[in-house]
Protein chains: 2
Amino acid sequence: MRENLTRVIEDYLKTIYDLTASGERASTNQIAERMDVTPASVTNMIQKLAETQPPLLDYRKHRGVKLTPEGEKVALEIIRHHRLLEMFLHQTLGYSWDEVHEEADRLEHVISEEMEERIAASLGNPQYDPHGDPIPTRDLHLPESDEISLSQLRPPQEARVKRVRDSDPDLLRYLSEMGIEPASHLAILEYSPFDNNIKVQIEGKSSPVVLGPRVTNQVFVEVIS
Amino acid sequence: MRENLTRVIEDYLKTIYDLTASGERASTNQIAERMDVTPASVTNMIQKLAETQPPLLDYRKHRGVKLTPEGEKVALEIIRHHRLLEMFLHQTLGYSWDEVHEEADRLEHVISEEMEERIAASLGNPQYDPHGDPIPTRDLHLPESDEISLSQLRPPQEARVKRVRDSDPDLLRYLSEMGIEPASHLAILEYSPFDNNIKVQIEGKSSPVVLGPRVTNQVFVEVIS
DNA sequence: ATTTATTTTTGAATTAGGCTAAAAATCCTG
DNA sequence: CAGGATTTTTAGCCTAATTCAAAAATAAAT
């Protein structure tokens, strides 16, 4: 349906999808920072994307943007590419989970629907990528999920890791060293106010570790009742 | 060494590599036709590429271009990507040999050296792609080869297929239907002058077929002495 | 409710790549 | 070797995406 979209446009839509996941509109500055361009560039582009027929963005001057259904469809298509590629690079080419993001970011814009389907089939239509992010289905649906951030847990709660933010390779290496990855089981032992540290016992490890908010904000879990 | 090259530049260099394989310089018009742009665009670009430091092209006004050693290095790097990708898509994702070219043409510009190496390793460092084209080695060497076009054979010569031009999917489907692919054994039964047809017995087939020059010019063989 | 600070938008320029139309070289033919 | 045909180059313009600097809105604070 909607063909002649450039890589750059696809990147804008993906970024806006991400920023508006909470329900809030995305501001010009937020987008500019994420994409490492100036706010002026963003204003230009979002005005353009709001004037396509049909429009990809809902833009209100000085009020930021959100995706239209059209825009969301494009974003989800790219996100499906990205997450399938991450899984494929991990499973088929032996990439570690901290290496897949950057490669997938370039490949996601150039693979055909044919390749998307072949990758999905060869992996058995996976539902999650190596970081636990859900992969949109072929018809672009995403499962609802009620994960909460690890930073919100308090002793003596227990939880299962569902998902880890994938953007920082160093953090990912640190996490896998400690044994935190999707499906890991965690028990919260202590909470320190002010610095917001929590002490956590990780399944299979002999001694607990203390994690600060720079880490716990990036890890999402399901509480075990 | 040489980083900020765009996809477009990489495509120009690849095209020029191809056109100059014979030793001749590539003309502006030839390049324009292959790349489906106007000759004016080509003049612009080749002048630019001849002025980079170090230059990627040897350009002489009205005399066409050839690659400098620098330019050739870039071209071979892309060709290595392309042919490894063709093999990978074929072997790992089950693409047929007529489908791989187009996909590889887009992927070749975006894969990292890391991915190149992982693909090569996962395939066991193949030397040829599915059409029989040699894959440049990691240090960008290509084996010399003395293939000749099938159109040059005369009865009662016999030959082994080494390589098939990969640019036309319809031709490729036609060839595989007939059992012509790298390693196929052929015996030339008849030659018709004027129309340049040859009648060929293909190994494993019950009856011979007549092939015209539109086909035989695209197939390269090694004569069996 | 003004002033100040922050965010967003506007306007003018830039870079990469391409196009058209016209001018200039080279090639070909008689 | 002159004149026409073909090829190549030049010159000017276009679009996509960006930047910077200045202007305009919005938000925050006294």
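A, B, ... follow the sequence lines: proteins, then strands. Residue 1 opens every chain. Atom set for the values below is all heavy atoms of this structure, side chains included, hydrogens, waters and symmetry mates excluded.
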When you look at A:Asn196 and A:Tyr191, which way does the side chain to side chain donor-acceptor pair (under 3.5 Å) test go after all the steps? CA-CA 7 Å; A:Asn196 284 307; A:Tyr191 168 66; 2.8 Å; yes
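The NZ-P distance, from A:Lys48 to D:dA16, rounds to 5 Å in whole Å. Computed from coordinates, the A:Glu51 CD to D:dA16 P distance equals 13 Å when rounded to whole Å. Summarising the geometry, the separation between CG on B:Asp11 and C1' on C:dG17 is reported as 13 Å, rounded to the nearest angstrom. To the nearest angstrom, P of D:dT7 lies 18 Å from CZ of B:Arg25.
When the nucleotides D:dT18, D:dC20, D:dA11 are ranked by their closest atom to the side chain of A:Met45, D:dT18 comes out on top. For A:Ala40, the listed nucleotide lying nearest its side chain is D:dT19; candidates were D:dT19, D:dT9, D:dA25. Nearest to the side chain of A:Val8, among D:dA17, C:dG18, C:dA25, sits D:dA17. Of the candidate nucleotides D:dT7, C:dT9, D:dA17, D:dA17 has the atom nearest to the side chain of A:Thr6.
Between A:Gln47 and C:dT10 there is a side-chain polar atom (N or O) within less than 4.0 angstrom of OP1 or OP2. Contact annotation: A:Tyr59 side-chain N/O to C:dT8 OP1/OP2 distance is not under 4.0 Å. When the side-chain nitrogen and oxygen atoms of A:Tyr12 are compared with OP1 and OP2 of D:dT18, one or more of them lie within a distance under 4.0 Å. Applying the 4.0 Å criterion to OP1 and OP2 of C:dT10, one finds that A:Lys61 has a side-chain N or O inside that range.
As judged by a 4.0 angstrom heavy-atom cut-off over every strand, A:Ser41 is placed among the base-contacting residues. Across all strands shown, A:Thr43 has heavy atoms under 4.0 Å from base atoms, whether or not it also approaches the sugar-phosphate.
A side-chain donor from one of B:Ser96 and B:Asp98 sits under 3.5 Å from a side-chain acceptor of the other.
In this structure, B:His131 and B:Trp97 have parallel ring planes: the angle between them is below the 30° cut-off, well short of the 60° mark.
Remark on DNA chain D: of its neighbouring residues B:Asn44 and B:Ser27, the 5'-side contact belongs to B:Ser27, judged by nearest-heavy-atom nucleotide. Comparing A:Arg63 and A:Thr38 along DNA chain D, the residue whose closest nucleotide (by nearest heavy atom) sits nearer the 5' end is A:Thr38.
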